[in-house]
Amino acid sequence: MKMNKTKKYAVQFISFMCASLLLYLGMVYSDILLMDKLTAIYIVSTCAGIFLIGTLIIAPGLNKNAEDFTLRFLLLTTVQMLIVFFIVGIMAFKQINNVRIIGFHLLAIVVELLFLQSYLLVKINNKIS
C-alpha cells in the first residue's frame with residue numbers, strides 16, 4: 001500500500017516525536033535528568049501540542065508545489081519558535097522557580113524536534129512519488 005507524502009510524513013514524525021518525548025520522560029523518571037516529574041510532563045505536553053499543530057500546518061503543503069511548501073515550512077518553524085520563546089518569557093515574567101532549567105529542557109527538546117521535523121520534511125518532499 002502506497003502512502004501519499006502527507007500521510008507518510010505524519011506517521012513518521014508523530015512516531016519519532018512520541019519516541020523522543022517518551023525517552024525524555026524515561027530519563028526524568030529514572031533520575032538521569034534532574035527535573036520535577038510534573039514539570040517534565042508539562043514540558044512534554046507543550047512540545048507535543050506545538051508539534052502536532054505544526055503537523056496540521058505543514059502537511060497539506062507536501063503535496064503541492066515547492067513554493068507553497070517553502071512558505072508553509074518557514075511559517076511553521078517561525079510560529080513554533082515564537083511560541084516556545086513566548087512560553088519561556090511568560091515563565092520568566094511570572095518568576096517561576098528554576099525557569100532557566102525548565103527553559104533549557106524545553107528548548108533542547110524543541111530544537112531536537114525541529115531538526116527531526118526538518119529532516120523528515122526535506123527527505124519526504126524530495127522523494128519522487
Side-chain angles (χ1 to χ4, degrees):
M1 185 171 116
K2 190 172 182 179
M3 286 195 275
N4 65 8
K5 290 180 181 183
T6 301
K7 189 178 240 184
K8 186 175 183 179
Y9 166 74
V11 167
Q12 286 183 354
F13 179 71
I14 291 172
S15 299
F16 286 128
M17 179 185 70
C18 289
S20 177
L21 294 176
L22 287 173
L23 177 66
Y24 171 74
L25 281 177
M27 290 191 307
V28 169
Y29 275 86
S30 63
D31 293 325
I32 294 172
L33 295 175
L34 301 177
M35 168 67 67
D36 178 57
K37 287 155 181 62
L38 185 60
T39 304
I41 290 172
Y42 288 142
I43 290 171
V44 166
S45 300
T46 301
C47 289
I50 290 170
F51 283 91
L52 287 175
I53 291 170
T55 300
L56 295 175
I57 293 172
I58 195 67
L62 286 171
N63 294 321
K64 297 192 175 158
N65 61 11
E67 184 177 327
D68 188 42
F69 168 74
T70 303
L71 289 174
R72 283 181 184 266
F73 179 75
L74 291 173
L75 174 69
L76 173 69
T77 54
T78 303
V79 167
Q80 287 171 328
M81 289 303 294
L82 285 174
I83 290 171
V84 170
F85 290 138
F86 181 71
I87 290 169
V88 172
I90 287 174
M91 288 189 309
F93 182 73
K94 287 190 164 200
Q95 298 178 347
I96 304 289
N97 291 337
N98 299 323
V99 70
R100 286 184 184 161
I101 295 169
I102 296 168
F104 283 133
H105 279 247
L106 181 63
L107 285 173
I109 293 170
V110 166
V111 166
E112 184 247 336
L113 290 176
L114 276 174
F115 175 76
L116 176 65
Q117 173 183 271
S118 300
Y119 174 76
L120 285 175
L121 284 170
V122 170
K123 180 181 162 194
I124 289 172
N125 201 41
N126 283 339
K127 281 192 175 181
I128 300 172
S129 302

Same cluster or not: [X] versus [Y], using hydrophobic residues (I, L, V, M, F, W, Y) connected whenever any side-chain heavy atoms lie under 4.5 Å apart?
X: Tyr29; Y: Val44; answer: yes
X: Phe73; Y: Leu75; answer: yes
X: Tyr42; Y: Phe85; answer: no
X: Val111; Y: Leu76; answer: no
X: Ile90; Y: Met81; answer: no

Where is the tightest heavy-atom contact between [X] and [Y], given as atom of each residue plus distance?
X: Cys47; Y: Val110; answer: SG-CG2, 3.8 Å
X: Gln12; Y: Ile124; answer: OE1-CD1, 3.4 Å
X: Met35; Y: Ile102; answer: CE-CA, 4.1 Å

| side chain to side chain donor-acceptor pair (under 3.5 Å) with Thr6: which residues, sequence neighbours excluded? | Asn63
Separation of [Y] [atom2] from [X] [atom1] (nearest 0.5 Å):
X: Phe104; Y: Ile109; atom1: CZ; atom2: CD1; value: 14.0 Å
X: Ile83; Y: Thr78; atom1: CD1; atom2: OG1; value: 11.0 Å
X: Leu33; Y: Ile101; atom1: CG; atom2: CD1; value: 11.0 Å
X: Lys37; Y: Ile41; atom1: NZ; atom2: CD1; value: 9.5 Å
X: Phe69; Y: Leu74; atom1: CZ; atom2: CG; value: 9.0 Å
X: Asn98; Y: Met91; atom1: CG; atom2: CE; value: 10.5 Å

For residues 18-28, dump all side-chain donor-acceptor pairs below 3.5 Å to protein atoms at least two apart in sequence or in another chain.
from: Ser20; atom 1: OG; to: Glu112; atom 2: OE1; distance (Å): 2.7
from: Ser20; atom 1: OG; to: Glu112; atom 2: OE2; distance (Å): 3.0
from: Tyr24; atom 1: OH; to: His105; atom 2: ND1; distance (Å): 2.8

| Close side-chain approach of Tyr9 and Ile58, heavy atoms under 4.5 Å | yes
| query | Sub-3.5 Å donor-acceptor pair from the side chain of Asp36 to the main-chain atoms of Thr39, do we have one? | reply | yes
| task | Determine, step by step, whether Phe51 and Ile14 satisfy the side-chain contact (heavy atoms from CB on, under 4.5 Å) criterion, reporting the C-alpha distance in whole Å, the side-chain angles of both residues, the deciding distance to 0.1 Å, and the verdict. | result | CA-CA 9 Å; Phe51 283 91; Ile14 291 172; over 6 Å; no
Please set out all donor-acceptor pairs under 3.5 angstrom arising from side-chain atoms of residues 113-123, sequence neighbours excluded.
from: Gln117; atom 1: OE1; to: Gln80; atom 2: NE2; distance (Å): 3.2
from: Gln117; atom 1: NE2; to: Gln80; atom 2: OE1; distance (Å): 3.0
from: Ser118; atom 1: OG; to: Leu114; atom 2: O; distance (Å): 2.8

